[in-house]
Amino acid sequence: MALKNIIALASILIAAVSCSMEDELINSAANEKQAAEDGIACIALNVHTKSLETKAGNSQNGTGSAIGDGIEDCSLIILNDDNSVYAAYDGLAIEGGQIKATEGAATPFFVQAKVSQLEARTFKAMVVVNTTKSYAKCANLTKVQEVVLTDTDMNNNVKVSQLETLTVTGKSSLAAALAAPSSFTLTVQQITAQVQLEQVNITSWKADTKAVDVKIKNITLVNRNTTSATILNDAANKSYDNITWAIDNDDEALPVLTAGVATFAGVTDKPYFNTFSNATPAAGKATILRFTLVYDRADGSTEREFEFAINRPNADDFSNDTDPQHDYIKSGYVYKVRINATLTSNSIDVDVLCDTQDWIYNYLEVNMEDVR
């Protein structure tokens with residue numbers, strides 16, 4: 001009887017140990033799986049800006065009268081697959097093309113994300129460069145795009161990237177993630193457009209015309225758009241104003257007309273205007289260049305005012321559909337205006353050409369039509 005009890009007790013003990021070992025194996029596997037699912041990824045982002053070039057390939061860099069490629073600081077927005085915001089950061093620095101937490105930081109700025117080691121996770125990213133606005137509280141992509149950029153951003157040459165897909169896999173620890181970060185590059189484009197007075201050509205109606213003093217008075221960009229949503233395309237809501245570039249003819253005079261032809265190639269600080277896109281203007285709100293030419297004739301000084309729509313559609317109904325090259329002011333374009341004026345015996349005839357450059361280096365020449 002005692003032997004039976006001992007055998008029964010041993011069986012119970014063996015079963016208990018076996019169950020305990022099995023539980024430990026199950027728990028261990030579950031913990032390992034959970035640890036793998038609780039991985040971490042570090043994401044580093046670079047910023048690249050497309051260079052704007054002339055037809056001859058000369059880079060238009062810096063400030064002054066050309067749109068600049070300068071990038072100084074940015075807001076970075078990380079989105080989930082459903083376009084909800086995973087994280088957003090304002091006031092980040094950009095140095096050597098790298099996004100950093102602060103200017104002069106030794107390492108890039110890393111976005112730390114919870115990502116499984118077993119399965120890759122996809123995010124989306126966009127960056128807004130040279131902006132004064134905050135995106136930190138935006139809940140989703142729609143709210144990001146609804147942030148209104150103003151003339152301060154416009155004059156800072158604000159830029160924005162398209163959405164970039166980021167596919168990352170987690171590491172076992174933060175140290176491992178920092179040692180092997182996932183790096184991506186975001187390419188930004190200008191939201192701003194620019195209108196420049198590139199050249200004024202004065203031609204006499206006959207070569208032996210006596211010297212004539214020709215001057216150009218204040219140049220005005222009419223219906224400049226000073227607001228934009230945070231998008232590359234034309235935004236629905238616009239705010240218009242007029243801005244004038246005052247010309248001091250003592251310092252920036254057109255040359256005296258001699259031997260029939262005179263050319264003003266501008267000075268170091270050429271007249272130029274920044275504007276946001278106005279590709280689909282409201283009725284009567286096309287962007288217009290207004291200027292006055294003053295010239296001396298035998299019977300006294302004469303001046304005439306001219307207005308030309310920038311890159312207006314050339315269809316009879318001014319629609320944008322018939323010729324996509326004629327669609328008013330678009331983001332990321334530089335409109336280099338050349339005024340050609342011909343003096344006659346008692347008047348002056350003017351036509352205007354516009355050399356248009358965009359970010360993919362298309363280069364075209366269009367006639368601008370008098371709006372009156």
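Side-chain atoms of L289 and I310, non-hydrogen and from C-beta on, do get closer than 4.5 Å to each other. F184 is not listed as a side-chain neighbour of T165, based on a closest heavy-atom distance of 4.5 Å or more. By the 4.5 Å heavy-atom criterion applied to side chains, V127 and C74 are counted as neighbours. Using a 4.5 Å cut-off on side-chain heavy atoms (C-beta onward), M154 and N130 make no contact.
A donor-acceptor contact closer than 3.5 angstrom is absent between the side chains of T220 and N242. T275 and N225 share no donor-acceptor pair across their side chains, judged by distance under 3.5 Å alone. Side-chain atoms of T150 and K133 form a donor-acceptor pair, as typed in the model, at a separation below 3.5 Å. A donor-acceptor contact under 3.5 angstrom links the side chains of T132 and D153, judged on distance only. The closest side-chain donor-acceptor pair between N140 and N83, if any, does not fall under 3.5 angstrom. Between the side chains of Q162 and E164, not a single donor N or O lies within less than 3.5 Å of an accepting N or O.
Taking CD of E307 as the start and CD1 of I288 as the end, the distance is 5.0 Å to the nearest 0.5 Å. Expressed to the nearest 0.5 Å, how far CD of Q196 lies from CZ of R338 amounts to 13.0 Å. Annotation: the span from L149 atom CG to T131 atom OG1 amounts to 5.0 Å, rounded to 0.5 Å. Taking CD of E103 as the start and CG of L92 as the end, the distance is 12.5 Å to the nearest 0.5 Å. N155 contributes atom CG, which lies 10.0 Å from atom OG1 of T226 (distance to the nearest 0.5 angstrom).
For F123, the ring pair (Phe, Tyr, Trp, His ring centres under 6.0 Å) test picks out Y86, with sequence neighbours left out. Evaluation of the salt bridge (Lys or Arg N to Asp or Glu O under 4.0 Å) rule for K285 yields no partner, not counting sequence neighbours. Remark: L178 engages C42, F110, L174 in a side-chain contact (heavy atoms from CB on, under 4.5 Å) (not counting sequence neighbours). The salt bridge (Lys or Arg N to Asp or Glu O under 4.0 Å) test applied to E119 returns no partner, not counting sequence neighbours.
Taking all atoms of both residues into account, the shortest heavy-atom contact from F273 to T244 is CE2-C, 4.2 Å. For S239 against T227, the heavy-atom pair with the smallest separation is N-OG1, 3.2 Å. Between Y335 and A193, the shortest heavy-atom distance links the atoms CE1-CB, 4.4 Å. The minimum heavy-atom distance linking Y240 with P281 is given by the pair OH-CA, 3.8 Å. Nearest approach of Q98 to P108, heavy atoms of both residues: NE2-CG, 3.7 Å. Between A279 and Y328 the shortest heavy-atom distance is O-CD1, 3.7 Å.
Other members of the cluster containing I231 do not exist, because no ILVMFWY side chain is joined to it at under 4.5 Å.
For residues 133-161, the set of pairs meeting the ring-ring contact (aromatic ring centres under 6.0 Å, His included) definition, not counting sequence neighbours, is empty.
Counting heavy-atom neighbours within 6.0 Å of K143 NZ, excluding the residue itself, gives a total of 12 or less.
L163 and V147 end up in the same hydrophobic cluster when Ile, Leu, Val, Met, Phe, Trp and Tyr side chains are linked at under 4.5 Å. Both I243 and F306 sit in one connected hydrophobic cluster of ILVMFWY residues. Membership requires side-chain heavy atoms under 4.5 Å apart, directly or through other members. Residues V115 and I40 are members of separate hydrophobic clusters, defined by side-chain heavy-atom contacts under 4.5 angstrom among Ile, Leu, Val, Met, Phe, Trp and Tyr. In the hydrophobic clustering of ILVMFWY residues, with side-chain heavy atoms under 4.5 Å counting as a link, Y89 and L166 come out together.
Of the options L76, L186, L141, I78, a side-chain contact (heavy atoms from CB on, under 4.5 Å) to M126 is made by L141 and by none of the others. For the pairing with Q190, the side-chain contact (heavy atoms from CB on, under 4.5 Å) check across N274, V334, V158, N157 returns one residue only, N157.
Here the side chain of R121 pairs no donor or acceptor atom with the backbone of A41 at under 3.5 angstrom. S331 places a side-chain N or O within donor-acceptor distance of the main-chain N or O of I191, the cut-off being under 3.5 Å.
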* To do: Determine, step by step, whether N278 and T287 satisfy the side-chain hydrogen bond (donor to acceptor under 3.5 Å, both in side chains) criterion, reporting the C-alpha distance in whole Å, the side-chain angles of both residues, the deciding distance to 0.1 Å, and the verdict.
  => CA-CA 7 Å; N278 192 25; T287 304; 2.9 Å; yes
* To do: Mind running side-chain contact (heavy atoms from CB on, under 4.5 Å) on Q117 and S172 for me, showing each step along the way?
  => CA-CA 7 Å; Q117 299 178 60; S172 59; 3.7 Å; yes
* Test side-chain contact (heavy atoms from CB on, under 4.5 Å) on V188 and V47 and set out the steps. => CA-CA 7 Å; V188 295; V47 175; 4.0 Å; yes
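Ring geometry for Y272 versus W245: interplanar angle of 30 to 60°, hence tilted.
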